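Below: the structure, in C-alpha cells.
Remember, it's 1-based here, ligands and their atoms both numbered in the order they're listed. Here the structure is a predicted model, which is why all the values come from computation and not from measurement. Values reported hereafter were calculated over all heavy atoms of this structure, with side chains retained and with hydrogens, waters and symmetry mates removed.
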Amino acid sequence: MSYVDDVIKLVEEKNPAQPEFLQAVREVLESLRVVIEENEEKYRKDALLERLTMPEKIHMFRVPWVDDKGQVHVNQGYRVQFNSAIGPYKGGLRLHPSVNIGIIKFLGFEQIFKNSLTGLPIGGGKGGSDFDPKGKSDREIMAFCQSFMTELCKYIGADTDVPAGDIGTGAREIGYMYGQYKRITGLYEGVLTGKGLSYGGSLARTEATGYGLLYLTDEMLKMNGIELAGKTVAVSGSGNVAIYATEKAQQLGAKVVTVSDSTGWIYDPDGIDVALLKEVKEVKRARLTEYKAARPGAEYHEGKGVWSVKVDIALPCATQNELGLEDAKQLVSNGVIAVAEGANMPTTMEATEYLQANGVLFAPGKAANAGGVATSALEMSQNSERLSWTFEEVDAKLKNIMVNICHNMADAAKRYGKEGNYVVGANIAGFEKVVDAMTAQGIV
Ligand code: GLU
C-alpha cells in the first residue's frame with residue numbers, strides 16, 4: 001500500500017469516532033498524493049504524515065459555571081495545539097453544543113494549512129467548548145468565559161498560542177476572556193485576537209473573513225475571465241462571516257439574495273439589506289424572522305434551502321457539511337459558476353467532487369476563508385509593535401494576502417498537472433511550507 005493509504009488507515013484506526021477529523025485528513029492527504037509520491041521514501045522514514053496528523057498537544061478541561069438561577073453547569077473545554085512548525089499555534093475558539101474532540105481536531109488540522117497559506121508565521125490550533133451561548137444572559141456568558149479562561153490561560157500566551165473567535169465566540173466573549181487572562185496572569189499582551197479596538201484590537205478584523213472571501217472569489221473569477229459585478233449570490237449563515245461577505249459582495253456590485261440561520265432562511269429578491277441584517281443579528285441577536293418582519297418583500301422559509309435558489313455564485317458561510325451532493329446537483333442544474341467556502345469544510349467531499357466534475361470553480365475554505373486568521377496575524381503584529389494601523393492599511397494588506405493565496409493555489413495545482421483544481425492547489429501550497437519547516441527542525 002502507498003504511504004498515503006497506510007496513514008489514512010492508521011488515522012482511521014486510531015480515531016474511530018471522529019468522522020469530521022477523518023474527513024479532513026482524507027481530503028488533505030488524498031489531494032497531496034501527487035506530492036507525497038514524489039518523496040515517498042523520505043517522508044515514510046521521517047514518519048512525516050504520522051506527525052502531521054497527530055496534534056502536538058491536546059488540553060481537555062472541565063468548565064463549571066453558575067447560571068442566573070444559581071444552578072451549576074459543567075461544560076467540556078478544549079484546546080488542540082496541532083502544529084507549531086511555522087509559528088505559535090493560532091486558531092479560534094468554537095462555542096457550540098456540537099463541539100467535541102473530533103470537531104476541534106478537524107478544525108485544528110485545517111488551520112495548519114490555512115495559516116500556512118496566508119504566508120504569515122502562524123501555526124495551527126483550535127479550541128472551544130460544547131457550551132451553547134444561545135439564549136444565555138450577558139452575565140451567564142461572562143461566567144462561562146471567565147471559567148473557561150481560568151483553565152485555558154495555563155496553556156496560551158502571545159508567543160505560544162493565540163486563540164480568537166469562531167462560531168459562538170465574538171467580540172463580547174473575547175472581551176470577557178481577555179479580561180480574565182489579564183487578571184490572572186497580569187500580562188497585557190496580544191494573547192487573543194479579535195479584541196475590541198479600545199484594548200488592542202485591529203481595525204478590519206471584524207470584516208476580514210467575509211471581505212477576504214470576496215477578494216479571493218473576485219480574483220478567482222478574474223483569473224477565469226469572469227466579472228463578479230452583476231452576479232447573483234447565495235450566502236448561507238448569518239454570523240460574522242456571512243454578514244461581511246454579503247456586505248463586500250454588494251460593494252463589488254453583486255447581489256446577495258439569501259442568508260440563513262439554524263431555524264430557517266431568507267430569500268430577498270431585492271438583495272439582502274445588510275444594515276437590517278446587522279441590526280437583527282449583531283445588535284438584537286434575534287432570529288431571521290425579525291428580518292422578514294421588517295422587510296415585507298423578502299420570503300422566510302423554515303428549515304434548509306438556500307442552495308435551491310438559482311444563483312451564479314454560492315458562498316457557504318455557516319458550518320461544516322452544510323452543502324451536500326443533492327445541493328451541489330441543484331446548484332449545477334441552476335447554472336452555478338463558482339462556489340467559495342466562507343465556513344470551514346462546509347462542502348462534503350462528494351459535493352466538492354461533483355461541482356468540480358461539472359466545471360464549477362471551487363475555492364476551498366482553507367484558502368477562501370483565510371482572511372480572518374490572516375488579519376488576526378496582522379493584529380498580532382500591531383500588538384507586538386504597540387501600534388495600530390488604519391482601516392485602509394489593514395484592508396489593503398488583507399486584499400493583497402487573498403490575491404496571493406489565490407495565485408499560489410492556482411500555481412501549485414498547475415505545477416502538479418492539476419490545473420484549475422484549487423482544492424489540490426491549496427493543500428499543496430499550504431503543505432509545502434509546513435513540511436519544509438518540520439524537516440528543518442528535525443524529529444520533534
Ligand atoms: N476561526 C477563524 C478561522 O477559522 C479565525 C481564527 C483566528 O483568527 O485565529 O480561521
task: Say whether Gly165, considering both its backbone and side-chain N or O atoms, lies within less than 3.5 Å of an N or O atom on ligand 1.
output: yes
- request: Indicate yes or no: does an N/O atom of Asn369 lie under 3.5 Å from an N/O atom of ligand 1?
  value: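 No, Asn369 has no N/O under 3.5 Å of an N/O on ligand 1.
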Can you tell me which residue and heavy atom of the protein come closest to [atom], and the distance to 0.1 Å?
| atom | value |
| --- | --- |
| atom 6 (C) of ligand 1 | Gly92 N, 3.6 Å |
| atom 3 (C) of ligand 1 | Lys114 NZ, 3.3 Å |
| atom 9 (O) of ligand 1 | Lys90 NZ, 2.7 Å |

Where does [X] meet ligand 1, judged by heavy-atom distances below 4.0 Å: at the side chain, the backbone, both, or neither?
| X | answer |
| --- | --- |
| Lys126 | side chain |
| Arg205 | side chain |
| Asn344 | side chain |

Taking only heavy atoms of [X], which atoms of ligand 1 are found under 4.0 Å from at least one of them?
| X | answer |
| --- | --- |
| Gly91 | 9 (O) |
| Ala164 | 7 (C), 8 (O), 9 (O) |
| Ser376 | 7 (C), 8 (O), 9 (O) |
| Asp166 | 1 (N), 2 (C), 4 (O) |

- request: Please say whether the positively charged group of Lys136, taken as NZ for Lys or CZ for Arg, lies over the ring of Phe131, i.e. under 6.0 angstrom from the six-membered ring centre and within 45 degrees of the axis.
  value: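 Ring-cation test returns yes.
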message: Around atom CE of Met223, are there more than 12 heavy atoms from other residues, nucleotides or ligands closer than 6.0 Å?
response: yes
message: Quick check on Arg415: does its CZ atom have over 12 non-hydrogen neighbours (other residues, nucleotides or ligands) under 6.0 Å away?
response: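 Atom CZ in Arg415 is packed in, count exceeds 12.
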Parallel, tilted or perpendicular, as decided by the 30° and 60° cut-offs, for the rings of Phe148 and Phe144: parallel
task: Take the angle between the ring planes of Phe431 and Tyr43 and call it parallel below 30°, perpendicular above 60°, tilted in between.
output: perpendicular
- prompt: About how many Å separate CD1 of Ile86 and CD of Gln441, when rounded to the nearest 0.5 Å?
  reply: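 Rounded to the nearest 0.5 Å, the CD-CD1 separation comes out at 10.0 Å.
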task: For Thr193 and Arg205, test the side chains for any donor-to-acceptor distance below 3.5 angstrom and give the result as yes or no.
output: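 Short answer, no.
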- request: Taking Asp130 for its side chain and Val99 for its backbone only, find out whether a donor-acceptor pair lies under 3.5 Å.
  value: no
